[in-house]
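Below is one structure, written out as structure tokens; the observations come after it.
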Protein chains: 2
Amino acid sequence: MGATKTEHFTNKHNAIATLAKALGHPARVAIIDYLLHAENCICGDIVNELPLAQPTVSQHLKELKNAGLIKGSIEGNSICYCIDEKAIAKMKTYFVHISMTLAKKKNNCY
Amino acid sequence: MGATKTEHFTNKHNAIATLAKALGHPARVAIIDYLLHAENCICGDIVNELPLAQPTVSQHLKELKNAGLIKGSIEGNSICYCIDEKAIAKMKTYFVHISMTLAKKKNNCY
DNA sequence: ATTTAATATTGCAATATTACGATATTGAGT
DNA sequence: ACTCAATATCGTAATATTGCAATATTAAAT
């Protein structure tokens, strides 16, 4: 017990959960926000922006990367991280779909 | 250490993270999916749909409720849970906004 | 009032996450 | 080769999450 029973759920549900989980921490939301607005996307800047130590930021970046929300390319001795549009598109589609289905459905709670 | 430093982040970032975190588990995504398609939304049905024991499902429902993703009204001796459209709208807006900003931006990663 | 069905709460063990100091790696500039 | 700057990894402590058996609660039906 304690471990998520991933194998019992559908791929679709697991995929959404993985992306959502990656955004389930304010530091990671802040990183996405930063990447969305930054001109250049060198990681050192992100460390300065966040109230967290460098290893912690590095760990959060890793999680975003594992989940597929960001991708990084080495650029000299620093790294250019940026948002992976495909992951954002997936989440956008997911919520748009829920929204539309709900609109048609006449929700039956007060 | 080990606790998220919520107080160091903006309300906006914390709000998105809270909603995302609530969806960061396949069981909770499955619950939302079920509520989206179910005619009647009695909790017992959800327990039968999921590969988890009743207390576990109850706990997941509680988390979705705390995060504001679902709301529940007592209906006789069962409970009518349903999706809170406002929370979905918030997430939809969030991802639509990222998507649009990215489209204008010409992402600079390969 | 008792029983039954639906749901919630408690308590606890297993596991995961968060955070960071210390240390490693790696590429650029000297 | 040496140093410096940027980033990653390791190790580990603190905390949170997941899952469930046992138990409690509550409303309907008898």
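Just so it is clear, the model here is predicted, and its values are computed rather than measured. Chain naming here is simple, since letters A, B, ... match the order of the sequence lines and numbering starts at 1 in each.
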Open item on the list: Using whole Å, what does the distance between atom P of nucleotide D:dT7 and atom NE2 of A:H60 come to?
Closed with: 17 Å
TODO: Mind listing the closest non-hydrogen atom pair of A:Y34 and A:E49 along with its distance?
DONE: CE1-CG, 3.5 Å
- [ ] Measure from the side-chain N and O atoms of A:T18 to the backbone N and O of A:N14, and report whether any donor-acceptor pair falls under 3.5 Å.
- [x] yes
TODO: Determine the contact category for B:Q54: base if any of its heavy atoms lies under 4.0 Å from a base atom, sugar-phosphate if only primed atoms, P, OP1 or OP2 are that close, otherwise nothing.
DONE: base
TODO: Please check if the side chain of A:S58 supplies one atom and the backbone of A:Q54 the other of a donor-acceptor pair under 3.5 Å.
DONE: no
- [ ] Would you classify B:E63 as touching base, sugar-phosphate or nothing, given that sugar-phosphate means primed atoms plus P, OP1 and OP2, and contacts are heavy atoms under 4.0 Å?
- [x] sugar-phosphate
- [ ] Measure from the side chain of B:Q59, starting at C-beta and using heavy atoms only, and say which of C:dA6, D:dC20, C:dT9 lies closest.
- [x] D:dC20
Open item on the list: Students often get this wrong, so: under 4.0 angstrom with heavy atoms, is B:T56 touching a base, only sugar-phosphate, or nothing?
Closed with: base
Open item on the list: Looking only at the side chain of A:L61 (C-beta and beyond, no hydrogens), which of the listed nucleotides C:dA8, D:dA8, D:dG19 gets closest?
Closed with: D:dA8
Open item on the list: Less than 4.0 angstrom between a side-chain N/O of B:Y81 and OP1 or OP2 of C:dA6, yes or no?
Closed with: no
TODO: Would you kindly compare A:P55 and A:R28 by the position of their nearest DNA chain C nucleotide and give the one closer to the 5′ end?
DONE: A:R28
TODO: Kindly compute the distance separating CG (A:L36) from CD1 (A:I83), expressed to the nearest 0.5 Å.
DONE: 4.5 Å
Open item on the list: Using a 4.0 Å heavy-atom cut-off, does A:K21 contact any base of the nucleic acid, only the sugar-phosphate backbone, or nothing at all?
Closed with: sugar-phosphate
Task: Residue A:N77, side-chain heavy atoms: nucleotide from C:dA8, D:dA5, D:dA28 that is nearest - done: D:dA5
TODO: Between A:S58 and B:T4, name the one whose nearest nucleotide on DNA chain D is closer to the 5' end.
DONE: A:S58
Open item on the list: If I take atom CG in residue A:D45 and atom C1' in nucleotide D:dT7, what distance separates them, rounded to the nearest angstrom?
Closed with: 13 Å
Task: Candidate nucleotides C:dG21, C:dT9, D:dG19, ranked by approach to the side chain of B:L52 - the nearest - done: D:dG19
Task: Between P of D:dT7 and CD of A:E49, the distance in whole Å - done: 14 Å
